[in-house]
Each structure stands twice: as C-alpha cells, then as structure tokens.
Protein chains: 2
Amino acid sequence: MKELLYLKDDQLKDLIEKIFVGYRETFSDSKKILDKYSIGLAHQKVIHLLSMYEGISISKLLAKLKVTKQSLNRVLKDLIKLEIIVFKKDEIDTRIKHVYLNEKGKKIFEEIFLLQKKRIYNALLDSSSEEVINFDKVLKKIING
Amino acid sequence: MKELLYLKDDQLKDLIEKIFVGYRETFSDSKKILDKYSIGLAHQKVIHLLSMYEGISISKLLAKLKVTKQSLNRVLKDLIKLEIIVFKKDEIDTRIKHVYLNEKGKKIFEEIFLLQKKRIYNALLDSSSEEVINFDKVLKKIING
DNA sequence: ATAATATGTCAATATAACTTACCTATAATG
DNA sequence: CATTATAGGTAAGTTATATTGACATATTAT
C-alpha cells in the first residue's frame, strides 16, 4: 500500500468490522453439532487445535489459545468426560503431557469441521488462487502485527 | 480456486485458525483503553458500529451484532452512564430510536481506534494494493457465505 | 541443594451472553 | 376503528467463558 500514501480510517473501520463478522460466522456454522454433544465454542477451538497439532503439549495449547490453564482445564475435563481425548507422557521429559483426539474425537471433529469448512471452502472456490494467496498473506501479516 | 480442483482440509484448518487469531489479536490491542473506562469488548464493538453508522437504530444495531436486546441494553446502559451516547427519535416513525456517539464518545472511540487500527494499518502498509483488495474480496465472500 | 518448569486445583469473581416472560408505545392494515 | 405488527424496554434466572490469586506436586535443570 506504500504507493497509496494513506489508508483511510473508514477503510480500516470497515475491515475491522469484517474481521469480527468473518470470525463470528466462521465459528457459528457448526453450532448444531456442538449442541448435540453439549459443548461450546471453547471446546470447538481445542478440538480444532488437537486435530491440527496431534500430541500438542498443554503449555503449547495454552500459548495458542491465550487463556489461563484454569480455563483450559475446564474444557479438557469436559472432553475427558465425553471420552474423546487421551494423554501420553513425554518419554524424555515426563512432566510434559501430550494431548490427542482418540477415534471418537476425530469423528466428532469431522462432524464439526464438515459444517465449519463449507463457508471457507465456498469462498475459496469462488476466488482465484492469487486472491486466496493474498488473503492468507495479509491475514498472516495482521497476526504477526 | 476452480483451477486447483481441490482444496485440502489442512489448508482450510489453517485458515480457520488464522481467522480466529486475527480476530482475537485485532480486538485485544486496545484493552488498556477499555480498562481505563471500565468497559469491555462488547462495548468496544458497539462504539465501533456507532462510529461507522452514525444514528443507527436499535434494531439495526441488534442485527449487526447478532445479540439479544437484553444483552445490548446492558451495554447501552453502561455507555449512557459513561455519558458518551445520545438518542434521537425518528421524526417520521417515533418508535425508532437513533443512537449517536456524542463528542466525548467520539474522543473515546478515537483513543480505542488509535491502538486497534495500528495492527491492520501496518499489515496493509506492508502489502500491495492488490493484496489488500484480494484480502477484502475473500473476507467478503466468507461473510456472505 | 536449589531453582525453574509443567501441570493441576480451589475459590471467588467478571464479562458477555442466553432463555422466558411480560410490558409500552406507535404504526400499519383490515 | 379494531387488530396486528413493529420498535423498543425490562425483570429474573441461568450459562459459557474467562479471569485473579493462591497453593500444590512432580520432574528437570543448574
């Protein structure tokens, strides 16, 4: 954007609203499935990360979620009750706990993801690969702020 | 993306995580200012929309926020106590209430926005105008699902 | 031996939202 | 004019998610 010399506040406000709405809609499509298993948005996020990062440690999960361990533990306890996660101690450093979705957990994730990904999938399908690459690029820059 | 024939689940998972992180970071930069006025994220969103849509009606505000009116009213009462919003009845249909930020409200919004926009501003500044246009395009497609 | 790290837990509180129910005022429509 | 719809408000109780602060245990690193 250097060539434009300025970025108008109105454009920035508009983008901020869109980031909010995009997030909200992306994480509300799968609500029916969450209700089916009596879990919520916090559980969905944890399951999502467990699917992406199999065997992630508690501290890394905390770092990705940016919540306190008290908050995360409530969610993990619910997922244990649901019988969808398992833990394995690190073989070298036994303080570290690795968290995994079991088969049931993976199935439930697929149920959630099937609904959630539709919105993104359709948006990308309707875009050129360059548009998609640029979307990803800018989003990454926003995150790395 | 039609030319690619498929979109991998891993790419979609990654984007969904980024959408979450992008939202969270975008709405956490201004926390210090919110604390200063003893308000929270819900208030920030309302103030943001009032800055974008001056004189918006209650029902349109509700539609944009997608919350219940009980929830919105808690926030509006706090903003009234803070003395930063005013109402004007619609001249034609007096059932309709238009909501405005007053001068104090506009100043507080600017304080919040100054911190919040930096992240987006820098990301856009570091991008080509085509990247920015494509980011906006894809985000719009995600929203309009 | 001591300090740091990884994790867990108890208790209290805060924030933002929800459901259910009911209310007033005004406008639109037959 | 009577009825219905719309715009908005309110009360009570509840839920979801997160916080702070304090403390505890096991293990690893120095």
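Residue numbering restarts at 1 for every chain, and letters A, B, ... go by the order of the sequence lines.
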Can you tell me the distance, in whole Å, between the CG atom of A:Leu62 and the P atom of C:dT7? 8 Å
Judged by each residue's nearest nucleotide on DNA chain D, which is more toward the 5′ side, B:Ser57 or A:Ile39? B:Ser57
Taking the side chain of B:Ala42 as its heavy atoms from C-beta onward, which of D:dG8, C:dA16, D:dA18 lies nearest to it? C:dA16
What's the closest nucleotide to the side chain of B:Ile58 if the choices are C:dA16, D:dG8, C:dT7? D:dG8
To the side chain of B:Val67, which of C:dC18, C:dA16, D:dT19 is closest? C:dC18
Closer than 3.5 angstrom, by distance alone: can the side chain of A:Lys88 be matched with the main-chain N or O of A:Tyr100 as a donor-acceptor pair? no
If you assign each of A:Lys66 and A:Lys89 to its closest nucleotide in DNA chain D, which residue comes earlier from the 5' end? A:Lys66
Should B:Thr68 be listed as having a side-chain N or O under 4.0 Å from OP1 or OP2 of C:dC18? yes
Test log, rule salt bridge (Lys or Arg N to Asp or Glu O under 4.0 Å), inputs B:Glu110 and B:Lys107: CA-CA 5 Å; B:Glu110 288 301 331; B:Lys107 273 181 194 161; over 6 Å; no
Trace of the salt bridge (Lys or Arg N to Asp or Glu O under 4.0 Å) decision for A:Lys31 with A:Asp35: CA-CA 6 Å; A:Lys31 196 169 178 307; A:Asp35 287 348; 3.2 Å; yes
Nearest to side-chain heavy atoms of B:Arg95, which nucleotide of D:dG8, C:dA17, D:dA7: D:dA7
B:Asp10/B:Lys8 under salt bridge (Lys or Arg N to Asp or Glu O under 4.0 Å): CA gap, chis, key distance, verdict: CA-CA 5 Å; B:Asp10 281 349; B:Lys8 285 188 194 150; over 6 Å; no
Rounded to the nearest angstrom, tell me the gap between atom CD1 in A:Ile92 and atom C1' in D:dA29. 15 Å
If only atom types and distance count, is the side chain of A:Asn122 paired as donor or acceptor with the main-chain N or O of A:Lys118 below 3.5 Å? yes
Within less than 4.0 Å of OP1 or OP2 of D:dG8, is there a side-chain N or O belonging to B:Ser59? yes
For B:Leu72 and C:dT15, what is the distance between atoms CG and P respectively, to the nearest whole Å? 18 Å
Send over the distance from A:Asp35 CG to C:dT19 P, rounded to a whole Å. 10 Å
Nearest whole Å is fine: how far is D:dT17 C1' from A:Gln70 CD? 13 Å
At less than 4.0 Å, is any side-chain N or O atom of A:Ser71 found next to OP1 or OP2 of D:dT17? Yes or no. no
Please tell me if A:Arg74 has a side-chain N or O lying less than 4.0 Å from either OP1 or OP2 of D:dT17. yes
Rounded to the nearest Å, what distance is computed from the NZ atom of residue B:Lys45 to the C1' atom of nucleotide C:dA16? 9 Å
Considering only side-chain heavy atoms of B:His43, which listed nucleotide, C:dA16, C:dC18, D:dT27, is closest? C:dA16
Which of these nucleotides, C:dT7, D:dT27, D:dG8, is closest to any side-chain atom of A:Lys69? C:dT7
Rounded interatomic separation in angstrom, taking CG from A:Asp90 and P from D:dT27: 13 Å
Can you find a side chain N or O atom of B:Thr94 that sits less than 4.0 Å from OP1 or OP2 on C:dA27? yes
Tell me: CG of B:Asn73 to C1' of C:dT19, nearest whole Å? 16 Å
Is a donor on one side and an acceptor on the other found under 3.5 Å between the side chain of B:Lys13 and the backbone of A:Phe113? no
Out of D:dA7, C:dT9, D:dG9, which nucleotide sits closest to the side chain of A:Lys77? C:dT9
